[in-house]
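Counting starts at 1 for both ligands and their atoms, in listed order.
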Amino acid sequence: MIPQPTAQQPLLDETFILQADATIGVDDPAAQPIAERFAARLRRSTGFALPMQDGAGTITLSTGGAESLGAEGYELRADTSGVTITAAGAEGLFRGVTTLRQLLPAKAEAGSAQDGPWEIAGTTITDTPRYGYRGVMLDVTRHFFTVDQVKKFIDLVSLYKINRLHLHLSDDQGWRIQVDSWPRLTEYGGSLQVGGGAGGSYTKEDYAELVRYAGERYITVVPEIDTPGHTNAALASYPELNKGDQAPELYTETEVGFSSLTIDKDVTYEFLDDVFREVAEQTPGDVLHLGGDEAHSTPHGEYLTFVSRATELVVKHGKRVMGWHEIADGELPAGTVVQYWGTEDPKAQGLAHKAVEQGATLVLSPANRAYLDMKYHEETPLGLQWAGLVSVEQSYSWNPATLIPNVPASAIDGVEAPLWTETLDDLDKVEFMTFPRLPGIAELGWSPESALDWTAYRDRLAEQGSRWEVLDVNFYRAPEIDWR
Ligand code: TNX
């Protein structure tokens with residue numbers, strides 16, 4: 001199982017066997033949709049009727065217990081008589097159902113009827129996450145991904161108890177979210193992508209659908225509008241955002257660091273005020289990411305001015321600021337989340353310390369560990385390697401608590417695995433870079449420090465391969481894993 005639960009005990013001589021007459025019981029209307037979706041999945045693969053029932057069933061989801069485990073925690077017991085999952089509320093039940101899916105044979109994930117038996121070895125589990133933020137980022141700018149593609153991605157990451165989906169929605173190569181007050185951002189700025197092919201963008205309805213779909217899986221969307229660099233698509237769409245009012249061409253290559261908003265123009269902040277307002281209005285999560293990375297064309301003094309003014313606008317629209325670690329050189333409002341993408345670089349670590357000194361918290365995405373777009377090895381046909389090669393072991397074998405020396409545990413919100421898509425133009429390629437590394441990052445975010453052990457993880461990871469085969473996931477069959 002991945003992530004490894006906080007505590008698990010076998011119940012010797014007990015085995016749960018799902019039979020044709022089984023029922024699914026729920027005692028809380030809030031958990032009804034969770035039970036329904038779980039039942040629908042099992043109906044397809046088992047061919048059983050699995051009717052829903054009020055209160056206890058063969059498999060029971062029950063709220064109002066296990067309160068000490070927090071909103072995401074749950075208890076699970078599988079024995080000869082049935083399976084019970086107990087949690088404080090619906091979110092904990094959802095995480096518990098995720099565990100139950102992994103306890104069942106892989107073929108339970110199939111879309112068509114399979115032969116049993118449907119057995120689970122007797123067990124009790126008590127589980128609660130180590131960190132509250134366990135994210136994945138998808139770059140939909142360098143290459144655009146449709147709503148249906150992102151939904152499949154959400155389905156796959158939710159199996160590993162990921163609870164944040166960071167969408168990188170604007171960059172030099174494309175603007176991907178509708179903004180009514182600045183319509184050319186998508187109409188023109190979203191029209192292309194890397195390589196020069198047709199891009200795309202999300203309408204407000206599309207974005208709302210992604211937020212809803214993720215929310216149904218207890219994943220909060222964190223939208224990113226990257227500023228003041230990585231803004232060529234916006235600059236190309238509106239001449240007035242440029243120094244000298246001259247719009248550049250659209251850009252479809254993969255250099256970084258050449259574009260910048262104009263820091264000393266009022267229109268820059270009128271623009272951001274509108275964009276942040278419209279994005280914030282559509283985002284139930286409490287965080288809005290304003291980028292801030294690689295602003296190599298923004299003079300540093302101007303960059304610091306920009307951080308103060310832009311963060312103020314995010315706060316004005318009721319959201320906490322999130323930004324890449326460069327923003328920590330500026331003045332940060334209360335509640336800011338700083339995303340660390342450095343490696344062992346002292347300058348990046350210094351910025352992390354500066355963030356913490358200002359009261360910000362950290363989400364850890366060390367590029368040489370957590371970047372899903374780095375090649376696995378020299379011959380990996382996709383991906384980049386500026387942060388080094390990132391094997392499955394390299395991505396798993398680190399400890400969020402000690403990654404940056406002298407950061408108090410209370411300052412770490414969690415981890416995130418970013419997937420940049422310069423070299424990835426379809427979902428198969430996205431899957432290939434994401435699996436099998438993402439489950440390891442998810443485990444670093446969820447499981448207790450004492451459970452983190454590469455040798456044991458390797459064995460557990462090997463078992464996931466059969467699930468990905470059933471789910472039709474194009475995963476990288478890393479040779480260091482004994483896939484079963
Ligand atoms: C750096 S990491 C970037 C992105 C690139 C990525 C490629 C960061 C905050 N910015 O613009 O896509 O490297 O790995």
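The aromatic rings of Phe435 and Tyr160 sit tilted relative to each other, their planes meeting at an angle between 30° and 60°. Taking the six-membered ring where tryptophan is involved, the planes of Trp341 and Trp386 are perpendicular, since the angle between them exceeds 60° and thus also 30°.
With sequence neighbours left out, His143 forms a ring pair (Phe, Tyr, Trp, His ring centres under 6.0 Å) with no residue at all. Residues forming a ring pair (Phe, Tyr, Trp, His ring centres under 6.0 Å) with Phe276 (at least two apart in sequence, or on another chain): none.
Under the 3.5 Å distance criterion, the side-chain polar atoms of Ser201 are left unmatched by any main-chain donor or acceptor of Ile177.
Counting only residues at least two apart or on different chains, the ring pair (Phe, Tyr, Trp, His ring centres under 6.0 Å) pairs with a member in residues 178-216 are Phe144-Tyr202, Trp182-Tyr238, Trp182-Phe271.
Around ligand 1, the residues contributing at least one heavy atom under 4.0 Å from the ligand are Arg142, His230, Val256, Asp293, Glu294, Trp324, Trp341, Tyr371, Asp373, Met374, Leu384, Trp386, Trp420, Glu422.
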